[in-house]
*Asks:* 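Provided herewith is a single structure, encoded as structure tokens, for subsequent inquiry.
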There are 2 protein chains.
Amino acid sequence: MTGPVRLKHQRITVALEREIRSGQVPRGARLPGELALARRFGVSRTTVRTALAELNEAGLITTRTGKGSFVLFDGRPLDDRLGWAHALAAQGVETRTRVLRIALCHREELCGRGDLCGREELCRRDGLAGVPGLDSPEVVVIERVREVAPQTVVSYERSCVPAVGELRDLPARGLAGSLTEALNRAGLHPDHGEQRLSGRMIDDREAELLRREPGAWFLSARRTSWAGDGTFIERVDSLLDPAHFELSLTFGEKTS
Amino acid sequence: MTGPVRLKHQRITVALEREIRSGQVPRGARLPGELALARRFGVSRTTVRTALAELNEAGLITTRTGKGSFVLFDGRPLDDRLGWAHALAAQGVETRTRVLRIALCHREELCGRGDLCGREELCRRDGLAGVPGLDSPEVVVIERVREVAPQTVVSYERSCVPAVGELRDLPARGLAGSLTEALNRAGLHPDHGEQRLSGRMIDDREAELLRREPGAWFLSARRTSWAGDGTFIERVDSLLDPAHFELSLTFGEKTS
DNA sequence: TCGCTGAACAAGTCTAGACAGGTAGGGCAA
DNA sequence: TTGCCCTACCTGTCTAGACTTGTTCAGCGA
């Protein structure tokens, strides 16, 4: 949220956003009702609703009829590219992300493993052609690596998102901020998805990007997410150095 | 995941579904009455009825006027030794499980990686010594491998469970049925847990068990589960051939 | 036109209670 | 032993109401 904050609803948006990002209102918690917020900020319910709509837009909360608004934000800078479940975490080390390429592609041209290529069979088998909910004929491909040091690459990620709205301009304008934010601004909020994880040896191109020997063993993950209406949002293929990454998931609640 | 925002009746549906699918409430058994469930979950009877209607819809239970709700689900509890989230699945191939060893150990003697051993540091670092909720000084260790063919081993799993109740007799009597069933009979019902997954090279002993070369790369998983009161139930360490296993997880619901 | 107010009404979620009817078991009389 | 009644407990159904968000509309002032 940039610029001077002079509108009432922006004041409310900023106030609530700060409470959420600071962890004061934890993930999953319910915000006060619209009427209560209206009283608290001394504004009308309509104005509160405008603010809540902005927070929804930003992906910070979700609102359900008859129940209220609930915090989605994690407390940490949102970076769920690698997976959910509080995700594959680089173990304790500070990492930097470097964008290698942002390109507009026809989805049919896209092969599953890495790049625009001529290997037809691979495209048919692993590409985006059969993914449900993808209407756009074109996709934007973003390739990134993560480094713990200038020469030490620990992961490679390739995201494919539909070339719609402002996402279409990503190749020209570059990625300011996180891809998650760009998706939110484009109105794409993940609702459900699937992730698969296994391991394999990297090929020559991947070895070059990762600065390893071809044949080195990496964790390989593919995450696909869709919006509530079934619209395809994103597919991320990742290669992760098993020495630096570990998937962590939990089930149940440790509440009791 | 599983969205943090659940309706009350969905929360109840999920809780009961887990108890049913885990075998905690066996096929044919009667669920507590609607009033009892309402008290247990702290909701109204109407809300409980909504949840039961969903379970009926899903074919997990049947409800009869004047009698109660009865479990229909008979599918073997998902083999969750390898993980939750619809677990790591051997891709399409029929597998057989072979038990290698069932032994009673002092938990302090147990090293994290494999066996009773003398490598003190490893024991201290990776063993069960620091696991919360484990009161029993002794644990039962069960080692198993999975084979797709007599000479083709695709995974190795080592479970550690507290040596309490009938579990203490496992070394003498052997494991009839699944370990999940034995845990249920011993009154140990997983309520929450954690799983970590990465990859590493196997050592000499593991190579022998898996019939591979030492230094081969395997997916390595560690799953720990606890009961609702925090009692330690099980820890499973697995080594999985990445050519045969893939972790699959979903988030959100594919309702629409 | 834009930001905002205030209000009314629709609709979703959940609680609380009342009442009807099905089921099972114990006690009692024939 | 058989048949019946009473009681306890269960599910099925309904109503009323509190509280929430969703939607729309009229109006005010810069």
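Residue numbering restarts at 1 for every chain, and letters A, B, ... go by the order of the sequence lines.
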*Asks:* Where do B:Arg173 and B:Glu166 land on the salt bridge (charged side-chain N to carboxylate O under 4.0 Å, His left out) test, with the steps shown first?
*Replies:* CA-CA 10 Å; B:Arg173 295 198 192 171; B:Glu166 85 171 54; over 6 Å; no
*Asks:* Please list, chain by chain and in numerical order, all residues satisfying side chain to side chain contact (heavy atoms under 4.5 Å, CB included) with B:Ala29, sequence neighbours excluded.
*Replies:* B:Val25, B:Pro26
*Asks:* Hey, which of A:Ile233, A:Val139, A:Val236, A:Leu183 is the one that makes side chain to side chain contact (heavy atoms under 4.5 Å, CB included) with A:Val161?
*Replies:* A:Leu183
*Asks:* Given side chains that start at C-beta, do those of A:Pro132 and A:Trp226 come closer than 4.5 Å, heavy atoms only?
*Replies:* yes
*Asks:* Suppose we screen for side chain to side chain donor-acceptor pair (under 3.5 Å). Which residues come up paired with B:Thr50, at least two apart in sequence or across chains?
*Replies:* none
*Asks:* So among A:Arg40, A:Arg45, A:Arg39, which one has a salt bridge (Lys or Arg N to Asp or Glu O under 4.0 Å) with A:Glu34?
*Replies:* A:Arg45
*Asks:* Among residues at least two apart in sequence or on other chains, which ones pass side chain to side chain donor-acceptor pair (under 3.5 Å) with B:Thr231?
*Replies:* B:Asp229
*Asks:* Scan residues 29-44 of chain B against DNA chain D and write down, sorted by residue number, each residue with any heavy atom closer than 4.0 Å; if none is found, say none.
*Replies:* B:Arg30, B:Gly33, B:Glu34
*Asks:* Using atom CZ of B:Arg45 as one end and atom P of C:dG17 as the other, report the distance to the nearest whole Å.
*Replies:* 13 Å
*Asks:* Output all residues satisfying side chain to side chain donor-acceptor pair (under 3.5 Å) with A:Arg98, sequence neighbours left out; order by chain, then residue number.
*Replies:* A:Glu147
*Asks:* Please check the phosphate of C:dG3 (OP1 and OP2 only) for any side-chain N or O of A:Thr47 closer than 4.0 Å.
*Replies:* no
*Asks:* Note the angle between the end axes of the helix from C:dT1-D:dA30 to C:dA30-D:dT1, five pairs defining each, rounded to 10 degrees.
*Replies:* 0°
*Asks:* Please list residues of residues 48-68 of chain B whose heavy atoms come under 4.0 Å from any atom in DNA chain C, ordered by number; otherwise none.
*Replies:* B:Thr65, B:Gly66, B:Lys67
*Asks:* Name the atoms and distances for all side-chain donor-acceptor pairs under 3.5 Å in residues 60-71 of chain B, with sequence neighbours left out.
*Replies:*
residue	atom	partner	partner atom	Å
B:Thr63	OG1	B:Asn56	ND2	2.8
B:Thr63	OG1	B:Ser69	OG	2.9

*Asks:* Could you tell me which residues satisfy salt bridge (Lys or Arg N to Asp or Glu O under 4.0 Å) with B:Glu54, sequence neighbours excluded, listed by chain and number?
*Replies:* none
*Asks:* Partners of A:Thr47 by side chain to side chain donor-acceptor pair (under 3.5 Å), sequence neighbours excluded?
*Replies:* A:Ser44
*Asks:* Determine: side-chain N/O of A:His9 to OP1/OP2 of C:dC4, distance under 4.0 Å, yes or no.
*Replies:* yes
*Asks:* With side-chain contact (heavy atoms from CB on, under 4.5 Å) as the criterion, how do B:Leu179 and B:Glu234 come out once you've worked through the C-alpha distance, each side chain's angles and the decisive distance to 0.1 Å?
*Replies:* CA-CA 10 Å; B:Leu179 180 55; B:Glu234 187 185 15; 3.4 Å; yes
*Asks:* Between the protein and nucleotides 26-29 of chain D, list the N/O to N/O atom pairs that are separated by less than 3.5 angstrom.
*Replies:*
none

*Asks:* Test of understanding: with side chain to side chain contact (heavy atoms under 4.5 Å, CB included), list the residues that count as partners of A:Ala53, not counting sequence neighbours.
*Replies:* none
